[in-house]
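Here's the structure, in structure tokens; my notes come after.
All values below come from the heavy atoms of this structure, side chains included, with hydrogens, waters and symmetry mates left out. Proteins come first, then strands; the chains are lettered A, B, ... in the order of their sequence lines, and each starts at number 1.
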Amino acid sequence: MKERIITCINCPMGCRMTVTLEDGKVTGVTGNTCKRGEKYAMQEVTAPVRMVTAVVPVADRRLPVSVKTREPIPKARIQDCMAALRQLHLSAPIEAGQVVLADVCGTGIDVIATRTVS
Amino acid sequence: MENIIRKQLVIIGGGPAGLAAGIAAREAGVEDLVILEREHEAGGILRQCIHNGFGLHRYGEELTGPEYAARDIARAQELGLDIRCDTTVLSVDGDRRVTCVSRAEGLQIFEAGAVILAMGCRERPRGALGTPGTRCAGIYTAGAAQKFVNLEGLMPGRRCVILGSGDIGLIMARRMTLQGAKVLACVELMPYSSGLNRNIVQCLQDYDIPLYLSHTVIDIQGRERLEGVTVAQVDERRRPIPGTEIEFDCDTLLLSVGLIPENELSLRAGVALSPATAGAVVDDALQTSVPGVFACGNVLHVHDLVDFVSDESFRAGRAAAAFLRGEHPQGETVAVLDGEGVRGVVPQRVHPGQDLTLMFRPAGVYKNASVVVEADGVEIARKRALVFTPGEMVALDLPAAKWANVHGDLTVRMEAK
């Protein structure tokens, strides 16, 4: 049996939750005040995900364009995602919402622009 | 030759507050209005806040800063609002004369029927901290570093210590790390962080960046460029404890030690400020002590969420429109006072018996507690929550019906269970 301590991020309560695991399966969550906490703790110990946001240079423009993953990606892939974005060369025009890098690192999730560069 | 222009409404600042105020004023029938913005495009601080988490209350989704700003800018364009960028306001006076300067138009003076102050806030700088040590390069406020990284694509350094654990500092810890810098530590004077749990987890813990609570920077080394900082633990009176020093070999120190409403223009206009908020004293219509001059957003009091800035600024825009129609609330006002555990209630003066939103910060952490509003010692409203913290502004709606027959001053206080 393994235990992991997770701080809940859903509200300012910041409950410190203890998750017990057996063979990689969650067997219990304690310390949470609400249902959202339990759900977050389970997700966090089994398949944690994060949004990634960054900026990418645009050819012949002084300002870079801001981008984000359309959905959260697995937390373990953040650095790979950043490395892929560093290889990216973009040129204007770019529309906010436009895919700038499809299926980043095989996650099935696109990186899209969050600003329009005309 | 002075260039004097009559306007119904002049809005100072084209960030989220100014945009929302302009949109609401136009929707309420103000045709002749101008928004003055000193940067080269509207959007304010949201332009450099490329992370997500904006708009959860207003739109039910988590937008990035540029996406949130783009929605207001699109609406402003739809309404044909006149937004003058690259225009710096030099002064506002008590007769609502706004003097500004721009490359395109030179010096201009607007004579306005009403003015909305929406200048936002700025970061507390190093000079306000009294941190000893040399005056070398490599020391930035977290927001300045954010501007370099996110808007200019420049890195301010490679090895970084962050003083203060406000949200901007935490966000920059992650940002610097993802851009290849090494963030050695986040150092917080208080025994708790003022940042959101979400940011402690996702910006520090995710990257194994240590958070030193009850610690501060006691020395800064380096001649031309920062070469290192000395951090020490502090006692309960915030004095460094000898023997607890930790040396960090770093080239960059980022400061995230608080935000201050930017009220230099307001002061010159004769607007009275509140010591509790460092923003204007306002009535229930968000009108300052100078008739026809309104304030909203971070220049009025520092918010945590842009959604609340927008909401407040819509109200300011509608109030300015009502003032221009001669429909401003008249008559006696009562004071709204900070009671026990409450800091900086806005608005500070109200006309009795109206729908009202009161906003403030709790002075400490209260679990399983209530906010109580009293008039002459009699409870007229109460809001319960599992937790109230100084890091999260409380908004309390007081419907007109609840205080229709009240005449005395209101007091807002916290009540622990």
Side-chain angles (χ1 to χ4, degrees), chain A residues 4-17 32-34 36-37 40-41 44 48-58 61-72 74-76 78-86 90 94-97 111-118, chain B residues 40-41 43 46-54 62-71 73-74 146-154 171 174-175 177-180 192-193 195-207 304 362 365-368 385-392 394:
Chain A
R4 270 192 61 192
I5 307 285
I6 301 284
T7 307
C8 188
I9 62 159
N10 282 297
C11 87
M13 281 287 278
C15 293
R16 278 174 68 82
M17 304 179 290
N32 58 307
T33 309
C34 71
R36 286 192 306 165
Y40 170 75
E44 200 57 13
V49 292
R50 298 288 186 269
M51 288 288 291
V52 175
T53 62
V55 296
V56 176
V58 181
R61 290 289 189 282
R62 198 174 70 85
L63 302 185
V65 64
S66 51
V67 301
K68 69 173 182 184
T69 52
R70 199 195 293 275
E71 304 282 334
K75 186 180 152 188
I78 295 175
Q79 294 294 355
D80 297 341
C81 176
M82 288 304 293
L85 289 174
R86 273 193 284 276
L90 297 176
I94 301 166
E95 278 289 314
V111 176
I112 61 174
T114 57
R115 194 168 73 83
T116 295
V117 181
S118 46
Chain B
H40 71 276
E41 60 183 18
L46 291 171
R47 294 169 59 237
Q48 67 185 60
C49 296
I50 63 160
H51 55 283
N52 65 308
F54 303 92
E62 291 196 32
L63 304 172
T64 64
E67 291 171 317
Y68 188 103
R71 291 194 182 189
I73 292 167
Q146 188 179 47
K147 184 172 186 176
F148 288 145
V149 178
N150 291 347
L151 286 184
E152 310 284 344
L154 301 170
I171 293 282
R174 173 174 64 188
R175 199 68 195 97
T177 305
L178 287 177
Q179 287 301 121
Y192 53 84
S193 166
L196 297 169
N197 288 319
R198 179 198 189 87
N199 288 334
I200 305 266
V201 171
Q202 297 193 350
C203 300
L204 296 184
Q205 292 173 8
D206 274 6
Y207 302 96
D304 320 307
V365 176
Y366 290 83
K367 291 204 170 179
N368 264 321
L386 282 174
V387 66
F388 295 96
T389 76
E392 207 188 24
V394 180

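Both the backbone and the side chain of Glu67(B) come within less than 4.5 Å of a heavy atom in chain A. Neither the backbone nor the side chain of Val365(B) comes within contact range of chain A, judged by heavy atoms closer than 4.5 Å. At a 4.5 Å heavy-atom cutoff, the contact between Thr33(A) and chain B is made by side-chain atoms alone. In this structure, chain B has a heavy atom under 4.5 Å from the side chain of Ile78(A), while its backbone stays farther away. With a threshold of 4.5 angstrom between heavy atoms, Tyr68(B) does not approach chain A through any atom at all. If you measure heavy-atom distances from Arg174(B) to chain A, you find no contacts under 4.5 Å at all. Contact annotation for Pro57(A): neither backbone nor side-chain heavy atoms come within less than 4.5 Å of a heavy atom of chain B. When heavy atoms are compared at a cutoff of 4.5 Å, Cys8(A) approaches chain B solely by way of its backbone atoms N, CA, C and O.
Separating the CZ atom in Arg86(A) from the CG atom in Leu178(B) is a distance of 8.5 Å, to the nearest 0.5 Å. Thr114(A) OG1 to His51(B) NE2: the interatomic distance, rounded to the nearest 0.5 Å, is 11.5 Å. For the atom pair CZ of Arg47(B) and CZ of Arg115(A), the computed distance is 7.5 Å after rounding to the nearest 0.5 Å.
Between chain B and the options Met82(A), Met51(A), Gln79(A), the largest number of non-hydrogen pairs under 4.5 Å is found for Met82(A). Comparing Gln205(B), Glu392(B), Glu62(B) by heavy-atom pairs within less than 4.5 Å of chain A, the highest count is held by Glu392(B). Of the listed residues (Ile6(A), Leu63(A), Val65(A)), the one with the most heavy-atom contacts under 4.5 Å to chain B is Leu63(A). Contact count against chain A (heavy-atom pairs under 4.5 Å) is highest for Asp206(B) among Ile200(B), Asp206(B), Thr389(B), Leu386(B).
Closest approach of Arg175(B) to Thr53(A), counting heavy atoms only: NH1-O, 4.1 Å.
Residue Ser66(A) forms a side chain to side chain contact (heavy atoms under 4.5 Å, CB included) with just one option from Asn150(B), Thr64(B), Leu151(B), Ile50(B), and that option is Ile50(B).
Within a 6.0 Å radius of NZ in Lys147(B), no more than 12 heavy atoms belonging to other residues, nucleotides or ligands are found.
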